[in-house]
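Following: one structure in structure tokens, then a few remarks.
The figures here come from the full heavy-atom set of this structure, side chains too, leaving out hydrogens, waters and symmetry mates.
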Amino acid sequence: MSSPPCAVSTDRSKRALLTVFRPRLPTADRLLPYLRSIDANQWYTNRGPLLARFERALADHFAVTPDRVVGVANATAGLSASLLAGGSEDAGRNGRPLCILPSWTHEATAVAVLRAGLTPWFHEVAEDDWRLSPEMVADSLRGNPTLGARVSHVMVTAPFGAVVEAEPWRAFSDRFGLPVTIDAASGFDRLRGGPVDAVVSLHATKVLGIGEGGVVIARDAVQAARIRDLVQLGLSDERVIRQAGMNAKLSEYGAAIGLAALEIWSERRATLERLHARYAARLKGETGLSLWAPEGVSSTLMVRLPSRVAVETGQRLAAQGIATRRWWHAGCHRQPAFAAFPRQPLPITEALADSVLGLPFHEGLADADVDAAADTLRGVLPG
């Protein structure tokens with residue numbers, strides 16, 4: 001994915017577009033040593049040496065042993081593999097098995113559930129932290145015994161760089177006998193391996209991007225071994241398929257980009273942290289406006305508006321040359337493909353969908369660009 005260069009004028013009448021994001025991957029020069037290694041090895045995919053090296057480096061970052069880390073072709077496939085490895089095919093005693101997940105998440109989360117053979121059951125999130133909690137899910141299971149009997153898995157989303165604490169979910173999993181997966185697509189910065197599966201996206205738009213890719217940090221080495229087989233069609237080292245999987249391996253070329261991206265990670269992190277701080281200072285004191293402040297550095301910058309005016313505010317900003325995005329659109333349950341699936345009442349999700357807006361946020365922004373975006377937002381908000 002690519003976007004035009006960001007050339008922003010402080011004269012808004014010129015309508016120079018301030019883009020929402022501009023992906024940054026390692027340069028060709030930085031990649032070259034790794035590409036030469038691929039040439040020398042003549043090993044291009046199927047668990048090659050660069051992938052093993054990349055997984056070791058990721059294991060260091062996530063503070064786990066390398067045998068718990070599995071590089072995958074994309075995070076959506078990684079989520080599906082985690083669900084399959086959790087034994088979803090054995091559930092659904094009274095119908096097709098269900099997976100509890102928030103509707104306030106990217107549509108890829110729901111797609112991953114469907115591709116694993118489960119039906120989404122959309123749940124509400126908390127107003128303050130935009131997340132599911134074990135207590136909320138436990139109450140739902142107790143209050144809906146018919147649907148609860150069909151649940152085989154829970155998927156929890158870590159929103160926009162936030163952290164979901166794994167230990168409470170392990171306790172939930174032990175209590176209810178349900179595996180849990182954390183969709184930490186944007187959580188590369190602060191995620192550390194825990195006692196439940198977590199999946200991070202390495203898409204070009206994420207803080208550590210390789211184009212297309214993802215990584216599963218499994219709850220233990222046994223679970224990782226299952227997932228490693230599942231993303232290679234289900235084939236074990238003995239070339240036996242005990243459970244059908246998918247072709248979702250990460251190639252040596254993806255691993256090469258990942259290794260090069262790790263070389264510039266600290267520099268990139270510092271830049272994004274500084275830009276977020278500048279936005280926070282510029283928007284401080286605006287009545288009713290709140291800046292999403294996750295525990296980790298994210299590749300997006302989200303603001304919650306004083307009322308449900310995300311669409312109108314985005315249009316007003318666009319007219320001033322400031323692009324925006326509703327990253328999670330209107331909530332999964334409002335998508336036609338998911339509209340027939342069971343769901344809780346979702347007033348908080350719908351309020352978030354109608355009041356949360358993504359502002360321009362990428363390393364190509366100058367301080368003046370941040371100031372222009374923040375000041376223009378303040379100027380177009382309803383009085």
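- Counted within 6.0 Å of CZ on Arg304, heavy atoms from surrounding residues, nucleotides or ligands total more than 12; the atom is thus considered enclosed.
- For the pair Arg278 and Asp375, the salt-bridge criterion is not met [side-chain N within less than 4.0 Å of a carboxylate O].
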**Report entry** Working for side-chain contact (heavy atoms from CB on, under 4.5 Å), residues Thr349 and Glu124
**Finding:** CA-CA 6 Å; Thr349 293; Glu124 186 62 286; 2.6 Å; yes
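- Open room surrounds CZ on Arg190; 12 or fewer heavy atoms of other groups in view lie less than 6.0 Å from it.
- Nearest heavy-atom pair, Leu250 versus Val72, reported as atom, atom and distance to 0.1 Å: CD1-O, 3.6 Å.
- Linking ILVMFWY side-chain heavy atoms closer than 4.5 Å, directly or via other members, places Phe62 and Val163 in two distinct hydrophobic clusters.
- Salt-bridge check for Arg56 with Asp60: failed, with every basic side-chain N at 4.0 Å or more from each acidic carboxylate O.
- Within the 4.5 Å cutoff, side-chain heavy atoms of Leu114 are placed close to those of Phe341.
- In this structure, the separation between CD1 on Ile182 and CG on Asp197 is 9.0 Å, given to the nearest 0.5 Å.
- Between Tyr34 and Tyr253, the distance from one ring center to the other does not fall under 6.0 angstrom.
- Checked by atom type and distance alone, the side chain of Ser173 pairs as donor or acceptor with a backbone atom of Leu178 at under 3.5 Å.
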Query raised in the report: Val154 and Phe176: side-chain contact (heavy atoms from CB on, under 4.5 Å), yes or no, with the steps?
Result: CA-CA 11 Å; Val154 177; Phe176 287 92; over 6 Å; no
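- Side-chain contact between Ser133 and Phe172 is absent, with no heavy-atom pair separated by less than 4.5 Å.
- Contact record, Ser307 with Ser355: O-CB, 3.4 Å, taken as the closest heavy-atom pair.
- The nearest pair of heavy atoms linking Ser82 to His153 is O-CE1, 3.8 Å.
- The side chain to side chain contact (heavy atoms under 4.5 Å, CB included) test with Arg47 singles out one residue from Glu252, Glu55, Arg228, and that residue is Arg228.
- Each of Phe54 and Trp43 belongs to its own hydrophobic cluster when Ile, Leu, Val, Met, Phe, Trp and Tyr are linked at side-chain heavy-atom distances under 4.5 angstrom.
- Leu132 is not listed as a side-chain neighbour of Thr157, based on a closest heavy-atom distance of 4.5 Å or more.
- Pairs of residues two or more places apart, or lying in two chains, that qualify as salt bridge (charged side-chain N to carboxylate O under 4.0 Å, His left out) and include a residue from residues 332-343 are Arg334-Glu350, Arg334-Asp354.
- In this structure, the side chain of Arg378 engages the main chain of Arg282 through a donor-acceptor pair within 3.5 Å.
- Considering every non-hydrogen atom in both Met246 and Ser80, the closest pair reads CE-CB, 3.9 Å.
- Applying the salt bridge (charged side-chain N to carboxylate O under 4.0 Å, His left out) test to every pair with at least one member in residues 208-226, sequence neighbours left out, gives no pairs at all.
- In the hydrophobic clustering of this structure, Ile38 groups with Ile257; members are Ile, Leu, Val, Met, Phe, Trp, Tyr whose side-chain heavy atoms approach within less than 4.5 Å, directly or through other members.
- When all heavy atoms are compared, the tightest approach of Leu141 to Gly148 is CD2-CA, 3.9 Å.
- Scanning both residues, Ser251 and Thr45, for their nearest heavy atoms gives CA-OG1, 3.9 Å.
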Query raised in the report: So Leu301 and Leu272, side-chain contact (heavy atoms from CB on, under 4.5 Å) or not? Walk me through it.
Result: CA-CA 10 Å; Leu301 186 132; Leu272 294 175; over 6 Å; no
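- For Arg192, the CZ atom is densely surrounded, since the number of other residues' heavy atoms within 6.0 Å is greater than 12.
- Val111 is connected to Val199 through a chain of hydrophobic side-chain contacts under 4.5 Å among Ile, Leu, Val, Met, Phe, Trp and Tyr, so both are in one cluster.
- Between His61 and Trp265, the ring-plane angle classifies as perpendicular under the 30° and 60° cut-offs.
- Side chain of Gln243 to backbone of Leu84: a donor-acceptor contact under 3.5 angstrom is found.
- Looking at Ile322 and Pro360, their side chains come closer than 4.5 Å, going by heavy atoms from C-beta outward.
- Cys332 places none of its side-chain heavy atoms less than 4.5 Å from the side chain of Thr109.
- Two residues are said to be in side-chain contact when any heavy atoms from C-beta on lie closer than 4.5 Å; Trp328 and Leu352 fail this criterion.
- By the 4.5 Å heavy-atom criterion applied to side chains, Leu58 and Val200 are not counted as neighbours.
- Between Leu233 atom CG and Arg239 atom CZ the span is 8.5 Å, to the nearest 0.5 Å.
- Electrostatic pairing of Glu267 and Arg30 does not count as a salt bridge here, judged by no charged N lying under 4.0 Å from a carboxylate O.
- Salt bridge annotation for Asp139-Arg142: present, with a cationic side-chain nitrogen under 4.0 angstrom from a carboxylate oxygen.
- When the side chains of ILVMFWY residues are joined at heavy-atom separations under 4.5 Å, either directly or via intervening members, Val69 and Val222 end up in two distinct hydrophobic clusters.
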Query raised in the report: Stepwise, does the side chain to side chain donor-acceptor pair (under 3.5 Å) test hold for Ser140 with His123?
Result: CA-CA 9 Å; Ser140 177; His123 274 56; 2.7 Å; yes
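- If you check the side chains of Arg96 and Thr119, you find a donor sitting under 3.5 Å from an acceptor.
- With a 4.5 Å cut-off on side-chain heavy atoms, Leu317 and Thr376 count as touching.
- The closest side-chain donor-acceptor pair between Thr27 and Asp29, if any, does not fall under 3.5 angstrom.
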**Report entry** Thr300 vs Arg325, side-chain contact (heavy atoms from CB on, under 4.5 Å): CA-CA, chis, key distance, verdict
**Finding:** CA-CA 10 Å; Thr300 57; Arg325 177 168 292 195; over 6 Å; no
